[in-house]
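Working notes for the structure below.
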Amino acid sequence: MPGYTLAPSILSADFANLQAALGLINRSAADWVHCDVMDGHFVPNLTFGMPVLRALRPHTPKPLDVHLMIEAPERYIDAFADAGADILTVHYEVSPHLHRTLAAIRARGMRPGISLNPSTPVEVLTDILPAADLVLIMSVNPGFGGQQFIEQTYSKLRRLRALADALNPGLVIEVDGGVTLANAGALLAAGATALVAGNAIFGTPDPVATIGQFKAIGPE
Ligand code: DX5
Ligand code: ZN
């Protein structure tokens, strides 16, 4: 069974002890570390930015999967590259010059991603898909962990899978928000190749074991 990429979101970890969260991820079968950057403008919440990311960088060998929920993300590409991001995902809804933004991310040695809010159809990506390494489908309205999964996501995933098969077969299709052990298999079957999970991992008594359970799941 070919595996998928699991990216635990440290948004649901103890912010007073992020080093412990990384230690736990390091000991686990998780693939990436999902880092949610929020600006209080694009989304109604604030989290952390480059200084925290830079502090985290030496504590894990795993790729930092940075999800920017900020306005004008192109202003911060160099800063996030310098801080140690490996994957840098910007939102379609705040990126009028997406082709230029993705190229700038790639030029700094990072893998460029595009994220879509639940209300943005995947078809808007038709002309930009070949320039992206990853598309992050939000399955909740961005801003908070622990929200209810939006069922319409399955249809979006199937439509994105078909677009990617035609235009960029190697595209990483990542799902973020309300992902659980119960819906992971169906998301993989609908076309996802990477899953983000926050509450469903850090809200359990033994996150390392939960990550193991997640990684044992295949398309169903
Ligand atoms: C939400 C963030 C997610 C969040 C997911 O805006 O982008 O990455 O951490 O948390 P859960 O898995 O708890 O829905
Ligand atoms: Zn996220």
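Count residues from 1 along the sequence. Just so you know, ligand 1 is whichever comes first in the structure, and atom 1 is the first atom listed for that ligand.
Close approach of ligand 1 to Asn199 is summarised as follows: ligand atoms under 4.0 Å from at least one heavy atom of the residue are 11 (P), 12 (O), 13 (O). For ligand 1, the atoms lying closer than 4.0 Å to a non-hydrogen atom of Asp36 are 2 (C), 3 (C), 4 (C), 7 (O), 8 (O), 9 (O). Within ligand 1, the atoms closer than 4.0 Å to a non-hydrogen atom of Met38 are 6 (O), numbered from 1 in the order shown. Less than 4.0 angstrom separates some heavy atom of Asp176 from each of these atoms of ligand 1: 2 (C), 3 (C), 4 (C), 5 (C), 7 (O), 8 (O). Which parts of ligand 1 touch Met69 is read off a 4.0 Å heavy-atom cut-off, strictly below it: atoms 6 (O), 7 (O). Atoms of ligand 1 found under 4.0 Å from any heavy atom of Gly145, numbered from 1 in the order shown, are 10 (O), 13 (O). Atoms of ligand 1 lying under 4.0 Å from at least one heavy atom of Pro142, given by number and element, are 6 (O). Which parts of ligand 1 touch Gly143 is read off a 4.0 Å heavy-atom cut-off, strictly below it: atoms 1 (C), 6 (O).
Of the possible donor and acceptor atoms, one in the side chain of Thr204 sits under 3.5 Å from a partner among the backbone N and O of Ile201. Checked by atom type and distance alone, the side chain of Thr89 never pairs as donor or acceptor with a backbone atom of Ile114 at under 3.5 Å.
Looking at atom 11 (P) of ligand 1, its nearest protein heavy atom turns out to be Gly146 N, 3.6 Å. At the shortest separation from atom 1 (C) of ligand 1 among protein heavy atoms lies Phe144 O, 3.5 Å. Of the protein's heavy atoms, Ser9 OG, 2.8 Å lies nearest to atom 9 (O) of ligand 1. The shortest contact between atom 12 (O) of ligand 1 and any protein heavy atom is with Gly198 N, 2.8 Å.
Looking at His67, its N, O or S atom nearest to the Zn ion (ligand 2) turns out to be ND1. In terms of distance to the Zn ion (ligand 2), the nearest N, O or S atom of Asp36 is named OD1. His34 contributes atom NE2 as its closest N/O/S atom to the Zn ion (ligand 2). Within Asp176, the N/O/S atom positioned nearest the Zn ion (ligand 2) carries the name OD2.
His34 and Asp36 form a side-chain donor-acceptor contact under 3.5 Å, judged by distance and modelled atom types alone. Under the 3.5 Å distance criterion, with hydrogens and angles disregarded, a donor-acceptor pair is assigned to the side chains of Ser115 and His91. Between the side chains of Thr193 and Glu174, no donor N or O sits under 3.5 Å from an acceptor N or O.
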**Request:** For Tyr4 and Phe214, run ring pair (Phe, Tyr, Trp, His ring centres under 6.0 Å): C-alpha distance rounded to whole Å, both residues' side-chain angles, the deciding distance at 0.1 Å, then the answer.
**Result:** CA-CA 10 Å; Tyr4 72 94; Phe214 261 105; 7.6 Å; no

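At least one N or O atom of Gly178 sits closer than 3.5 Å to an N or O atom of ligand 1. Taking distance alone, with nitrogen or oxygen atoms compared against 3.5 Å, Val196 stays at or beyond that limit from ligand 1.
Proximity of Leu88 to Leu68: side-chain heavy atoms (C-beta onward) are separated by under 4.5 Å at one or more points. At least one side-chain heavy atom of Pro121 sits less than 4.5 Å from a side-chain heavy atom of Arg159. In this structure the side chain of Arg108 reaches within 4.5 angstrom of the side chain of Asp78, judged on heavy atoms. Side-chain contact between Trp32 and Val66 is absent, with no heavy-atom pair separated by less than 4.5 Å.
Under the 4.0 angstrom criterion for non-hydrogen atoms, Ala200 is not in contact with ligand 1.
Under a hydrophobic-cluster definition in which Ile, Leu, Val, Met, Phe, Trp and Tyr are linked whenever side-chain heavy atoms come within less than 4.5 Å, directly or via other members, Val196 and Tyr92 are assigned to different clusters.
Shown here is Asn17, whose CG atom has more than 12 heavy atoms of other residues, nucleotides or ligands within 6.0 Å.
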